[in-house]
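Worksheet: the structure to be examined is printed underneath.
Proteins come first, then strands; the chains are lettered A, B, ... in the order of their sequence lines, and each starts at number 1.
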Protein chains: 4
Amino acid sequence: MAVNSPDRTRRSERSRTAILTATRELIAEVGYAKLTIEAIAARAGVGKQTIYRWWSSKGAVVFDSILALSEQTDGEVALPDTGDLAADLKTVLRATAAEFADPAFEAPIRALNMELIADPELAELYREKLEKPVTEAKKRRLRAAREAGQLAADTDLDLFLEFLYAPLTQRWLLRSGPLDDAFADALVDATLRAFP
Amino acid sequence: MAVNSPDRTRRSERSRTAILTATRELIAEVGYAKLTIEAIAARAGVGKQTIYRWWSSKGAVVFDSILALSEQTDGEVALPDTGDLAADLKTVLRATAAEFADPAFEAPIRALNMELIADPELAELYREKLEKPVTEAKKRRLRAAREAGQLAADTDLDLFLEFLYAPLTQRWLLRSGPLDDAFADALVDATLRAFP
Amino acid sequence: MAVNSPDRTRRSERSRTAILTATRELIAEVGYAKLTIEAIAARAGVGKQTIYRWWSSKGAVVFDSILALSEQTDGEVALPDTGDLAADLKTVLRATAAEFADPAFEAPIRALNMELIADPELAELYREKLEKPVTEAKKRRLRAAREAGQLAADTDLDLFLEFLYAPLTQRWLLRSGPLDDAFADALVDATLRAFP
Amino acid sequence: MAVNSPDRTRRSERSRTAILTATRELIAEVGYAKLTIEAIAARAGVGKQTIYRWWSSKGAVVFDSILALSEQTDGEVALPDTGDLAADLKTVLRATAAEFADPAFEAPIRALNMELIADPELAELYREKLEKPVTEAKKRRLRAAREAGQLAADTDLDLFLEFLYAPLTQRWLLRSGPLDDAFADALVDATLRAFP
DNA sequence: CAGTAATCGAGACGGTACGTCCTGTCTTGAT
DNA sequence: ATCAAGACAGGACGTACCGTCTCGATTACTG
């Protein structure tokens, strides 16, 4: 008994791209709370059914619209490695903090985070598809540092990264403080002190 | 020409309480995404206008429903002080992590956090009204530790608390890992290493 | 256990009238096949729900829009009575035939007839509410003729009226022939011959 | 530049028949109002385009589905001729009335009539293709009666038939009374009195 | 202690968006 | 070339809620 699922080979790439782009634009323009499927369809020049055919929820569309964005840039991610771990991490964290200053970039990711908080399955998918490659790149840099004797051999790298990034993410999401270079540097210094 | 703002002295306490309780119940039952003003009104046995008269948005109702909850328990908050800072912090963090296991408690606070992420003004109000007293209590304990020489005199207590709590909050919101005693302990240990 | 039916006393007369008028206008303008609830609501300046709250189907709205029309004109219907039955019936049938020439009048009634053909319950309601008073007026005229000895005492008046009107209705609905005075006269003459 | 009209010689007879049968079945099952092209296509095991290629509207399909039905039975239609006109007409009218008792037969013809009322062109086509041969057969019987001196020489046969059939059709379409033998007989008797 | 002015429960209202269904067109691959 | 299949843009459906707006019916101050 075949489930009546759509035929992926016949999917319109033109529509898919238009929907994803329209979604990102609309989040930046009107905000996530006022984002509607109808507006996405209208902006993309697409029937609503074409959205419902391929995505199960608004969250899923938002998710894919971010995913599509990062797939452009990616390929293989790599962190800088000058040999100076502290300096390299500061470079990365400063850059990350700076990105959040641009509303056109920030708004969709904020929207995505709200979806992830609301929907555990989507959050799991996010970790697998989007976060994992980035996390792996970060871990590669940390392992290099470990081999260079700059980190203890038994350092829990996942915990290290949670420590490094969670305060930044929290400040950004709740707007509870400035995301400046000083803060980025403080995060790196404290984290390196915590995991010597 | 008088501004037509409602007369607080005539407000029905019965209705206010019923609305706040209904809100918390409904979030726990159907989730925040499916929470509607009409459902709150119906559950509380209240006219919709009574909600709109006293609250400006759904977020504000959710906010107050949490506030009301914490006002029951509070009075004056105080952290344990056995003289052993690490032990005391572990006690507190373990308790905090444990609270998140109860959906009836967790769901409304998760909902509130989504509102805070979406609405900067509400987030500011939250910090002022709800977070501040708790933060102050935590800082009092840290200052006591500082005076006992267990923390450096120049420790930035706000940053200290961000480091201590942000990883916990993040794991909880995104369900990215277990909130067990081991994790709570690791956070305390790492934070104390970071701020010697 | 009370069914959640709307409170008739609070119904907006303004909306009711606007909906009924818009319906008639739209049928005349775009035809019954292209009549939509959304267009009625838009034209009437009314929410769709206000239509769905008070009418169970598009047919019911069309029905009421005709009913409202005839309630304006009615009061008490009476056929002419000059003493000459044939002449009086010809006057009435010629007038009826002539009415069908005006699209603004004809189109809504055609639409109504399609609904009656499709929906037995609506047809019954139609007979009770709209047709009966008119039929009674016609029968009164026929009874007068019977008492004047112009019709047999045992004439089946309902059958008489079916014979008189059915061919006219059929020609109009199916556009199978002209609705002119000659036809009207021929119907009267033949019917009077059939029921001497 | 050739007009892109389909090549009739390559038409699939299997599909044509399946579509027409499916149409009749579906009208009987779900009613005309809920009849959809997609359902016809699915039931017939046919692509939607195959329907749109060969028919211009839903009404046209319904029309042909009835036409196909009558083409099975026809060939050459002839009314009974026992020499007794009244008796023969009663036989025919009773049979006609009886046919309307079967929903599987009645529903598609009711649907067709709704289309004819809505669409003048289709009504004309109906008269030409479906009604004419039947009407001709009836007229042949009436002419025979005329020659036998049972009808006046100047009787308008078309009007005669309208008189005979319109009340029956009307009762059936609007379900305004029983279609029994007594009614059929009364129609014949009255009509013969009207056209002596 | 009646008069009166507010809040209250209730829910109708004009709207917006939802998610579904169907239309009529178009594309693909098989026959 | 037609066919089965079904994706597509579009539009209407009927439903759910939104936030505003009347309605009486309490309810609590005020004259």
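Residue A/Pro6 is the one, among A/Pro6 and A/Ala41, whose nearest nucleotide of DNA chain F lies closer to the 5' end (criterion: closest heavy atom).
Checking the phosphate oxygens (OP1, OP2) of E/dG9, a side-chain nitrogen or oxygen of B/Arg14 falls inside 4.0 Å. For D/Thr50 and F/dA4, the shortest distance from a side-chain N or O to OP1 or OP2 is below 4.0 Å. Dashed line: the shortest gap from a side-chain N or O of B/Trp55 to OP1 or OP2 of F/dG19 is not under 4.0 Å. Taking 4.0 angstrom as the limit, B/Ser15 places a side-chain polar atom (N or O) nearer than this to OP1 or OP2 of E/dG9.
B/Arg11 has its CZ atom 22 Å from the P atom of F/dT26, to the nearest Å. The distance between atom CG of A/Leu26 and atom P of E/dA17, rounded to the nearest whole Å, is 11 Å. Here the C1' atom of nucleotide E/dT25 and the CD1 atom of D/Ile37 are 14 Å apart, to the nearest Å. As rounded to whole Å, 12 Å separates atom P of E/dA10 from atom CD1 of B/Ile51. The distance from atom CD1 of C/Ile40 to atom C1' of E/dG14 is 16 Å, rounded to the nearest whole Å.
Across all strands, C/Arg53 comes closer than 4.0 Å to base atoms (heavy-atom distances).
Side-chain atoms of D/Thr17 and D/Glu13 include a donor-acceptor pair closer than 3.5 Å.
Among the nucleotides F/dT2, F/dC18, E/dA10, the one closest to any side-chain atom of D/Arg10 is F/dT2. Nearest nucleotide to the B/Trp54 side chain, out of F/dT15, E/dT20, E/dC8: E/dC8.
At a cut-off of 3.5 angstrom, counting only N and O atoms as typed in the model, there is a donor on one side and an acceptor on the other between the side-chain of D/Lys48 and the base of E/dG24. Donor-acceptor pairing under 3.5 Å, judged by distance alone, is absent between the side chain of A/Gln49 and the base of F/dC8.
B/Arg43 has a carboxylate O that lies under 4.0 Å from a charged side-chain N of B/Glu29, or vice versa, which qualifies the two as a salt bridge.
B/Pro103 approaches B/Pro108 most closely through the heavy-atom pair O-CD, 4.0 Å. Taking each heavy atom of B/Asp119 and A/Arg175 in turn, the nearest pair found is N-NH2, 4.2 Å.
B/Tyr52 has its side chain within reach of B/Ile37: a pair of non-hydrogen atoms, C-beta onward, lies under 4.5 Å apart.
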